[in-house]
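Taking it in order: structure first as structure tokens, then the write-up.
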Amino acid sequence: MNESIRNTIQRLEEYMAERTDALAIPREAGAFMHTLVLASRATRGVEIGTSYGYSGLWIAAAMQTTGGRLITIDRERRKSEAAAANFADAGLGERVVLETGVALEVLGRLEGPFDFVFVDADKENCIAYVQAVEPKLSDGAVVLTDNTLTHAEELAGFLAWIRNHARFASAHLTIGNGMELSVRIPEGDG
Ligand SMILES: C[S@@+](CC[C@H](N)C(=O)[O-])C[C@H]1O[C@@H](n2cnc3c(N)ncnc32)[C@H](O)[C@@H]1O
């Protein structure tokens, strides 16, 4: 990761520390996602829940290396615009497409395939989000869902669903706010 991206991440951390409306993933979760995108060589990413672009910076930084692109969705225009400025500041503007709108509507009109999905918006819609992207996932695609520790009760139904899903292998990670790492498996496998 180059210095420009590191500086933007640092500046955004300082900016978010002064605000109450920026609920970003912790740094260790960002470092993990960066590593995961590199390891899986993902190039077609979707993020549900942009906010100020903190998690997106870590994903897009890896996409810079893999030659990929991240589509990131948030319903708040003000946040999408702030995130766009942060991506540009990091020199990652070309790696990111910002979609402003209600996630389920946006997901419905996006063209796949996708090989990396980060789910970090309203917790009650997690099953619906994964169901919306399911037909557009490539075999081996990674779906990472945040807040399994901080929102355990709200995510209990989702976790039961994805862990019993015939087309996902899924494991729990105690990184950051807690994350569920789910991998799309080919039909007939598992
Ligand atoms: C926890 S924040 C995302 C943090 C971000 N992933 C990060 O770590 O930097 C959740 C975001 O999801 C957005 N959001 C919540 N419900 C949404 C929906 N139904 N459609 C689109 N965006 C939504 C909120 O506006 C908020 O910015």
Side-chain angles (χ1 to χ4, degrees), residues 1 5-37 42 45-63 69-90 92-93 95-110 114 116-133 136 142-155 157-158 173-182:
M1 186 184 298
I5 302 171
R6 282 189 191 285
N7 289 343
T8 304
I9 286 174
Q10 179 69 38
R11 272 200 296 276
L12 184 52
E13 284 173 351
E14 289 161 14
Y15 174 80
M16 291 190 306
E18 303 293 317
R19 305 187 67 92
T20 53
D21 68 339
L23 297 172
I25 56 164
R27 177 174 272 252
E28 66 161 354
F32 170 73
M33 285 207 293
H34 179 249
T35 309
L36 182 63
V37 170
V46 180
E47 174 180 62
I48 305 161
T50 313
S51 192
Y52 289 93
Y54 183 75
S55 50
L57 283 167
W58 290 97
I59 300 167
M63 294 270 173
R69 196 183 64 154
L70 174 69
I71 300 171
T72 182
I73 308 166
D74 206 290
R75 64 182 170 195
E76 284 193 48
R77 181 160 301 281
R78 181 182 60 81
K79 285 187 176 174
S80 286
E81 286 173 359
N86 290 325
F87 293 124
D89 185 55
L92 290 168
R95 294 283 154 205
V96 184
V97 175
L98 290 117
E99 292 278 356
T100 306
V102 174
L104 269 179
E105 288 173 19
V106 176
L107 288 172
R109 64 177 160 74
L110 291 184
F114 302 118
F116 184 86
V117 180
F118 181 48
V119 184
D120 189 20
D122 47 333
K123 304 308 156 193
E124 62 273 21
N125 276 320
C126 284
I127 294 179
Y129 292 147
V130 176
Q131 283 176 332
V133 291
K136 303 172 188 178
V142 165
V143 177
L144 197 60
T145 306
D146 197 34
N147 298 112
T148 54
L149 293 175
T150 53
H151 296 64
E153 213 169 298
E154 291 106 303
L155 287 177
F158 167 76
L173 307 172
T174 55
I175 296 172
N177 298 321
M179 298 174 132
E180 187 74 5
L181 174 61
S182 312

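Just so you know, ligand 1 is whichever comes first in the structure, and atom 1 is the first atom listed for that ligand.
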Numbering the atoms of ligand 1 from 1, which are under 4.0 Å from a heavy atom of [X]?
X      : answer
Gly49  : 3 (C), 4 (C), 5 (C), 6 (N), 11 (C), 12 (O)
Lys79  : 26 (C), 27 (O)
Val102 : 20 (N)
Tyr54  : 9 (O)
Tyr129 : 18 (C), 19 (N)
Gly101 : 20 (N), 21 (C)
Asp122 : 15 (C), 16 (N), 17 (C), 18 (C), 19 (N)
Glu76  : 25 (O)

Closest non-hydrogen protein atom to [atom], residue and atom name please, with distance?
atom                    : answer
atom 13 (C) of ligand 1 : Asp74 OD2, 3.3 Å
atom 10 (C) of ligand 1 : Asp120 O, 3.2 Å
atom 8 (O) of ligand 1  : Ile25 N, 2.9 Å

**OP:** Verify side-chain hydrogen bond (donor to acceptor under 3.5 Å, both in side chains) between Arg11 and Tyr15, making sure each step is shown before the conclusion.
**Re:** CA-CA 6 Å; Arg11 272 200 296 276; Tyr15 174 80; over 6 Å; no
Original post:
Taking both backbone and side-chain atoms of Ala24, is any N or O found less than 3.5 Å from an N or O belonging to ligand 1?
Top reply: no
Original post:
Do any N/O atoms on Ala103 end up under 3.5 angstrom from N/O atoms on ligand 1?
Top reply: yes
**OP:** Please work out whether any backbone atom (N, CA, C, O) or any side-chain heavy atom from C-beta onward of Thr50 is under 4.0 Å from ligand 1, and answer side chain, backbone, both or neither.
**Re:** backbone
Subject >> Backbone of Leu110 reached by a side-chain donor or acceptor of Lys136 within 3.5 Å >> reply: yes
Original post:
Taking atom CD of Glu14 as the centre, does the number of heavy atoms from other residues, nucleotides or ligands within less than 6.0 Å exceed 12?
Top reply: yes
Subject >> Pair Arg75 + Asp122: basic N to acidic O under 4.0 Å >> reply: no
Original post:
Out of Ala121, Ala128, Ser55, Gly30, whose heavy atom is nearest to atom 14 (N) of ligand 1?
Top reply: Ala121
